[in-house]
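Worth knowing before you read on, the calculation uses all heavy atoms, side chains too, and leaves out hydrogens, waters and symmetry mates. Just so it is clear: chains get the letters A, B, ... in the order the sequence lines come, proteins before strands, and each one is counted from 1.
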There are 2 protein chains.
Amino acid sequence: MIRPEIISQSPVFMGITEAEITRLFQQVHYQVKSYGKSDILVNAGELCDRLIVIQEGSVKAEMTDYSGKTIKIEDLEAPFPLATAFLFGKNNRFPVTVVANNEVRVVVIPKAEFVKLLQWNTVILNNYLNTISTRAQFLSQKLKFLSFKTIKQKIAHYLLEQAGDRLAVVELPQTQEQLAEMFGVTRPALARALGEMNQEQLIEVQRKSIRILNKERMNQLLNG
Amino acid sequence: MIRPEIISQSPVFMGITEAEITRLFQQVHYQVKSYGKSDILVNAGELCDRLIVIQEGSVKAEMTDYSGKTIKIEDLEAPFPLATAFLFGKNNRFPVTVVANNEVRVVVIPKAEFVKLLQWNTVILNNYLNTISTRAQFLSQKLKFLSFKTIKQKIAHYLLEQAGDRLAVVELPQTQEQLAEMFGVTRPALARALGEMNQEQLIEVQRKSIRILNKERMNQLLNG
DNA sequence: CTTCATTTGTATCAAATGTTACAAAACTGC
DNA sequence: GCAGTTTTGTAACATTTGATACAAATGAAG
């Protein structure tokens with residue numbers, strides 16, 4: 001029923017041999033469920049009391065707004081787990097409705113059984129802790145980034161972070177277009193801000209190559 | 001050395017009897033360390049490979065900016081744990097420097113030992129998972145809120161959330177001043193946005209009482 | 001009711017950014 | 001080198017919001 005060769009590729013079960021997975025799953029209760037295209041796997045608001053791992057096919061997560069319209073949030077495919085971030089915590093309800101994109105087969109492990117796996121197997125425990133911790137760290141980073149109001153602040157933060165303690169020339173690894181999207185601003189606005197910082201002798205812009213001229217004043221931008 | 005009556009109040013060890021805590025701590029390696037006022041417990045950037053629980057006193061978390069100036073981030077006191085969010089995950093380094101505010105005594109549990117505790121004791125495991133999951137959910141919420149660009153969007157989101165499926169009149173539980181701060185905008189800007197939405201027949205504002213007139217168009221604000 | 005403090009509504013101006021458009025520069029494949 | 005595409009620089013204008021100020025409305029205390 002379960003396919004260890006796929007499960008073992010899932011972030012939560014990574015690093016576990018197929019044999020070990022087979023053995024572990026013999027000792028917990030779980031279900032393998034199949035869905036056809038457009039079937040609903042999970043309704044938004046439903047209690048998240050089980051871990052769902054996609055074994056075959058792909059699903060999409062949709063969010064329903066207050067007027068009832070649905071918006072697609074993301075696609076997930078085998079071997080990824082669903083909503084690892086909502087198995088625990090205060091508000092452990094699915095924030096999204098999950099719909100099958102095609103023929104889908106999933107493994108459903110009740111929360112209590114999954115806790116057993118976490119306690120039995122250090123690798124699974126570490127994998128799971130790493131997964132949600134990494135997510136929290138990612139969100140935290142993103143939040144910090146958004147806390148900077150002006151574009152110049154975002155640029156300053158980004159450049160100082162990229163530069164670290166090393167040399168003062170930062171090579172942009174992306175186009176300004178992509179950077180602008182990361183910053184959540186328009187491309188001309190980003191170019192304008194870069195241009196102004198250039199004039200203010202904060203940085204020296206030469207296409208993708210940016211030299212930091214004044215770390216001190218860059219910081220003042222961020223704090224004072 | 002450890003004080004079970006304090007540790008048992010810590011979020012991670014909540015729900016465990018003092019006797020059980022004493023027993024558990026006999027089976028893991030840990031240290032109790034003391035610090036004087038202004039001593040540094042942890043330097044930013046240091047590997048976060050241990051759980052630190054404050055047993056007595058209080059500490060402050062400071063962040064050092066790129067020019068070397070330090071900014072206070074938050075205060076933490078007994079019986080709270082330090083940096084639970086950074087024990088696991090990809091980037092498990094302390095993001096802040098931790099400094100003692102006064103005479104401080106902490107319990108330090110190496111990561112590997114803490115993993116043992118998680119595997120031995122379901123309550124600790126659940127507490128810890130709940131702690132970091134709740135944090136991730138909180139961050140996720142906050143991020144969603146910040147993703148709304150205009151003040152009107154923030155108002156629409158807030159009102160629709162408050163209203164839920166129930167009646168269409170929302171009583172503001174705070175002053176506009178406080179609401180404005182929550183939204184990260186100035187008070188006059190909030191009042192202006194409310195006034196405009198009033199004119200546009202989206203809502204009917206009467207001081208702290210706001211009636212939602214058109215849910216459909218409120219949603220259009222959020223999405224399209 | 002009167003007086004004072006708080007809260008709310010409104011106006012004006014400046015700053016920052018979005019929107020749109022276009023040209024210059026750099027890159028790509030030939 | 002050349003033609004076409006992508007990327008970048010720049011401009012003009014509209015929109016949104018911040019900053020500041022002040023008046024009107026409300027609420028609280030006497």
Side-chain angles (χ1 to χ4, degrees), chain A residues 142 145-159 162 169-213 217-224, chain B residues 142 145-159 162 169-213 217-224:
Chain A
K142 199 146 183 172
F145 200 80
L146 278 179
S147 76
F148 296 118
K149 298 270 181 185
T150 70
I151 298 183
K152 287 185 188 178
Q153 285 182 324
K154 293 179 185 181
I155 295 173
H157 174 70
Y158 176 79
L159 289 180
Q162 290 290 314
V169 177
V170 175
E171 292 290 330
L172 298 183
Q174 312 156 306
T175 67
Q176 284 188 9
E177 178 75 48
Q178 294 169 306
L179 202 61
E181 194 188 337
M182 203 177 102
F183 286 11
V185 301
T186 58
R187 206 260 321 156
L190 176 63
R192 175 170 42 198
L194 282 172
E196 284 174 14
M197 290 172 81
N198 193 27
Q199 280 202 327
E200 292 162 14
Q201 311 256 339
L202 282 174
I203 56 179
E204 203 175 282
V205 184
Q206 217 151 21
R207 292 250 151 195
K208 289 203 188 318
S209 176
I210 299 178
R211 174 184 297 277
I212 300 173
L213 295 179
R217 272 175 48 219
M218 295 274 274
N219 263 301
Q220 286 175 16
L221 267 183
L222 296 182
N223 307 316
Chain B
K142 198 145 185 172
F145 199 79
L146 277 178
S147 77
F148 296 120
K149 298 268 183 189
T150 69
I151 298 183
K152 288 185 188 177
Q153 284 182 323
K154 293 180 184 181
I155 294 174
H157 175 70
Y158 176 81
L159 290 179
Q162 289 290 313
V169 178
V170 176
E171 292 289 331
L172 298 184
Q174 311 156 306
T175 68
Q176 284 188 8
E177 178 74 50
Q178 294 168 305
L179 202 62
E181 194 188 337
M182 202 177 101
F183 285 10
V185 300
T186 58
R187 206 263 317 159
L190 176 63
R192 174 172 43 197
L194 282 171
E196 284 174 12
M197 290 172 79
N198 192 30
Q199 279 202 326
E200 292 162 13
Q201 311 255 341
L202 282 173
I203 56 178
E204 205 175 280
V205 184
Q206 218 151 21
R207 292 249 151 196
K208 290 205 190 315
S209 176
I210 299 178
R211 175 183 297 276
I212 299 174
L213 296 179
R217 271 176 48 221
M218 294 274 272
N219 264 301
Q220 286 176 15
L221 267 184
L222 297 183
N223 307 317

Please report the end-to-end axis angle for the helix from C:dC1-D:dG30 to C:dC30-D:dG1, five pairs per end, rounded to 10 degrees. 40°

Rounding to an integer number of Å, can you tell me how far B:Gln176 CD sits from D:dA25 P? 15 Å

Check whether any side-chain heavy atom of B:Met197 lies under 4.5 Å from a side-chain heavy atom of B:Leu221, and answer yes or no. yes

Between protein and nucleotides 18-23 of chain D, what N or O pairs are separated by less than 3.5 Å?
{"from": "D:dG18", "atom 1": "OP2", "to": "B:Thr186", "atom 2": "N", "distance (Å)": "3.3"}
{"from": "D:dG18", "atom 1": "OP2", "to": "B:Thr186", "atom 2": "OG1", "distance (Å)": "3.2"}
{"from": "D:dG18", "atom 1": "N7", "to": "B:Arg192", "atom 2": "NH2", "distance (Å)": "3.2"}
{"from": "D:dG18", "atom 1": "O6", "to": "B:Arg192", "atom 2": "NH1", "distance (Å)": "3.3"}

Can you find a pair of side-chain heavy atoms, one from A:Lys208 and one from A:Thr175, that are under 4.5 Å apart? yes

Could you state the CZ-C1' distance from B:Phe148 to D:dT16, rounded to the nearest angstrom? 18 Å

Looking at residues 196-204 of chain A, who's got a heavy atom less than 4.0 Å off DNA chain D? none

B:Gln174 versus B:Leu179, closest heavy-atom pair with distance: OE1-CD1, 3.3 Å

Student check: side-chain heavy atoms of B:Lys154 and B:Met182 closer than 4.5 Å: no

Is the number of heavy atoms from other residues, nucleotides or ligands under 6.0 Å of A:Glu181 CD greater than 12? no

Does OP1 or OP2 of D:dT7 have a side-chain N or O of A:Gln178 closer than 4.0 Å? no

Suppose we screen for side-chain contact (heavy atoms from CB on, under 4.5 Å). Which residues come up paired with A:Leu146, at least two apart in sequence or across chains? B:Leu143, B:Leu146

Quick one: how far along DNA chain C does chain A reach, first to last nucleotide 5' to 3', anything under 4.0 Å to a heavy atom? C:dT17 to C:dA26

Taking only residues two or more places apart in sequence or in another chain, which ones pass side-chain contact (heavy atoms from CB on, under 4.5 Å) with B:Gln162? B:Tyr158, B:Val170

Which is it for B:Leu194 and B:Ile210 under the side chain to side chain contact (heavy atoms under 4.5 Å, CB included) test, yes or no, and what are the steps along the way? CA-CA 9 Å; B:Leu194 282 171; B:Ile210 299 178; 4.0 Å; yes

Rounded to whole Å, the NZ-P distance (B:Lys208 to D:dT26) equals 13 Å

B:Gln199 atom CD, over 12 foreign heavy atoms within 6.0 Å: no

Mind checking the CG-CD spacing from B:Asn198 to B:Glu204? Nearest 0.5 Å is all I need. 7.0 Å

In this structure, how many angstroms lie between the C1' atom of D:dG9 and the CD atom of A:Gln206, rounded? 14 Å

State whether the number of non-hydrogen atoms from other residues, nucleotides or ligands found under 6.0 Å of B:Glu200 atom CD is greater than 12. yes

Starting at CE of A:Met218, measure out to CD1 of A:Ile155 and round the result to the nearest 0.5 Å. 8.5 Å

Using heavy atoms to find the nearest nucleotide of DNA chain D for B:Ala193 and A:Leu194 separately, return the residue whose nucleotide is more 5′. A:Leu194

Taking atom NZ as the centre, does A:Lys142 end up with more than 12 heavy-atom neighbours from other residues, nucleotides or ligands that are less than 6.0 angstrom away? no

Counting any heavy atom closer than 4.0 Å, what does B:Lys152 reach on the DNA or RNA strands: base, sugar-phosphate only, or nothing? nothing

